Amino acid sequence: MSAVSSTLETTRRSPLFCDVDLTARIEGAEVRLIAEASAATRRRRGDAAGFVIPIAGGVASFAEDDSPLNKVAGLGFGGVPSAAELDEVERAFAAYGVPVQVELPHLVDPEIGVFLTERGYRLVSFENVLGRALTGEHREVNPPGVTIRASGSDELDAWLEVMAEGVAEADTQGLPSHEEFPRDVLLGAMRDLAAASGVRRYGALRDGVLAGGGSLRTCDGVAQFGGAATVPAHRRRGIQSALVAARFVDATAAGCDIAVVTTQPGSKSQQNVQRQGFDLLYTRAILTKQL
């Protein structure tokens, strides 16, 4: 058992502690997900537009206009970026006429934040990363009339529509998101994220009707819980709890030792996952620079 696995096992009944090494592992999984999904966008569009540029242990990605995949993720776990590296990234984003957005975990070298601020980046928002140790005690949850099952390729379009309908109603609790995405672009990004390696999609049926869905990606022992959604007419029937439980079981079977999820600070989504045993691990500062 690894040192991290041992720590997770011994702290499963107390708040999960997140050090720099664990943060780096989680961010590394995020970096690979963004890079793969951005490449999937180019395959879907059938052109060579966009880019993925490695930088200081992270990646700068531009997938397409207005995409949630347009960002710099995982920055700083390969050292402080040089001015030349940032110049290259900023020129790449400027070529597409969009600002640079950096998601900076608070456990990286503080010098990076100072450096970005000096270059004209400004703080616009935050997002929280929460986690739960996977210790083998998880069991599926089966509310009356609700079934959670794998969602196959033949159901992808229907799954995307359900996901889009489920997330269309904004979470008004807590810190609001600083960005919004056109529906068609969001559908494309969700399709491309689902194409990344290690991703499993789940459909939630209520009385035989597709009422919700979610996703799970496993990478380097990290189980990334993708956005889960329930159609408004089927909410408060236990679907979200059942989706979380099913992914706990599958992530454990896949050999993961930690599950992670990203939420807006103070949101209903954060409150819901904390009720499922997730602990706040770290916060990402969102910084942008208009070019």
Side-chain angles (χ1 to χ4, degrees), residues 1-34 36-37 73-74 77 105-107 127-143 146-151 193-194 196-204 212-230 238-264 267-284:
M1 180 179 292
S2 69
V4 171
S5 297
S6 178
T7 299
L8 295 176
E9 178 67 25
T10 57
T11 60
R12 61 179 178 174
R13 296 304 179 189
S14 59
L16 183 60
F17 175 73
C18 184
D19 58 14
V20 173
D21 288 342
L22 182 55
T23 304
R25 185 151 67 97
I26 295 169
E27 290 294 299
E30 180 73 5
V31 164
R32 288 188 283 278
L33 175 61
I34 296 301
E36 290 186 24
F77 290 99
H106 80 264
L107 286 171
E127 62 184 27
N128 286 339
V129 178
L130 297 95
R132 175 166 174 172
L134 297 174
T135 54
E137 82 278 16
H138 307 291
R139 300 290 182 271
E140 293 183 357
V141 174
N142 299 295
V146 173
T147 302
I148 307 298
R149 57 153 172 76
S151 182
L193 285 163
S197 62
V199 172
R200 311 178 190 194
R201 291 184 296 105
Y202 297 79
S215 66
L216 166 69
R217 177 175 181 263
T218 57
C219 177
D220 192 23
V222 176
Q224 295 172 285
F225 281 30
T230 304
I239 289 175
Q240 287 299 309
S241 295
L243 281 166
V244 169
R247 289 180 288 176
F248 277 150
V249 171
D250 288 350
T252 302
C256 295
D257 59 0
I258 186 169
V260 296
V261 64
T262 302
T263 71
Q264 285 299 114
S267 63
K268 188 68 175 178
S269 296
Q270 178 175 339
Q271 185 179 36
N272 287 340
V273 297
Q274 286 193 243
R275 286 171 175 164
Q276 298 287 336
F278 283 84
D279 297 308
L280 178 61
L281 301 183
Y282 59 92
T283 297
R284 293 178 183 137

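Just so it is clear, the model here is predicted, and its values are computed rather than measured. Starting from 1, each residue takes its place in the sequence as its number.
Considering CG of L16 and CG of L280, their distance stands at 10.5 Å, rounded to 0.5 Å. The distance from the CD1 atom of I239 to the CD1 atom of I148 is 6.5 Å, given to the nearest 0.5 Å. Between Q274 atom CD and L130 atom CG the span is 5.5 Å, to the nearest 0.5 Å. For the atom pair T252 OG1 and I258 CD1, the distance stands at 12.0 Å (nearest 0.5 Å). In this structure, CG in N272 is found 7.5 Å from CD in Q240, a value given to the nearest 0.5 Å. Atom CD1 of I26 and atom OH of Y282 lie 4.5 Å apart (nearest 0.5 Å).
Taking both residues in full, the closest heavy atoms of S151 and G203 are given as CB-N, 3.8 Å, listed atom of the first, atom of the second, then distance. Taking every heavy atom of both residues into account, A228 and R247 meet most closely at CB-NH2, 3.5 Å.
A donor-acceptor contact under 3.5 angstrom links the side chains of Q276 and S241, judged on distance only. Looking only at atom types and distance, the side chain of Q270 has a donor-acceptor partner in the side chain of N128 under 3.5 Å away.
Using a 4.5 Å heavy-atom cutoff, the side chains of V260 and V222 are in contact. The closest side-chain heavy-atom distance from L281 to T23 is not below 4.5 Å. Using a 4.5 Å heavy-atom cutoff, the side chains of V20 and F77 are in contact. Side-chain contact check for D257 versus R25: some heavy-atom pair is nearer than 4.5 Å.
Contacts of T262 classified as side chain to side chain contact (heavy atoms under 4.5 Å, CB included), with partners at least two apart in sequence or in another chain: E127, V129, R284. Applying the side chain to side chain contact (heavy atoms under 4.5 Å, CB included) rule to R32 yields the partners R217, C219, D220; only residues at least two apart in sequence or on another chain are considered.
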Does Q224 form a side-chain contact (heavy atoms from CB on, under 4.5 Å) with L33? I'd like the steps, not just the answer. CA-CA 10 Å; Q224 295 172 285; L33 175 61; 3.9 Å; yes
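In summary, the aromatic rings of Y202 and F248 are positioned with their centroids too far apart to meet the 6.0 Å limit.
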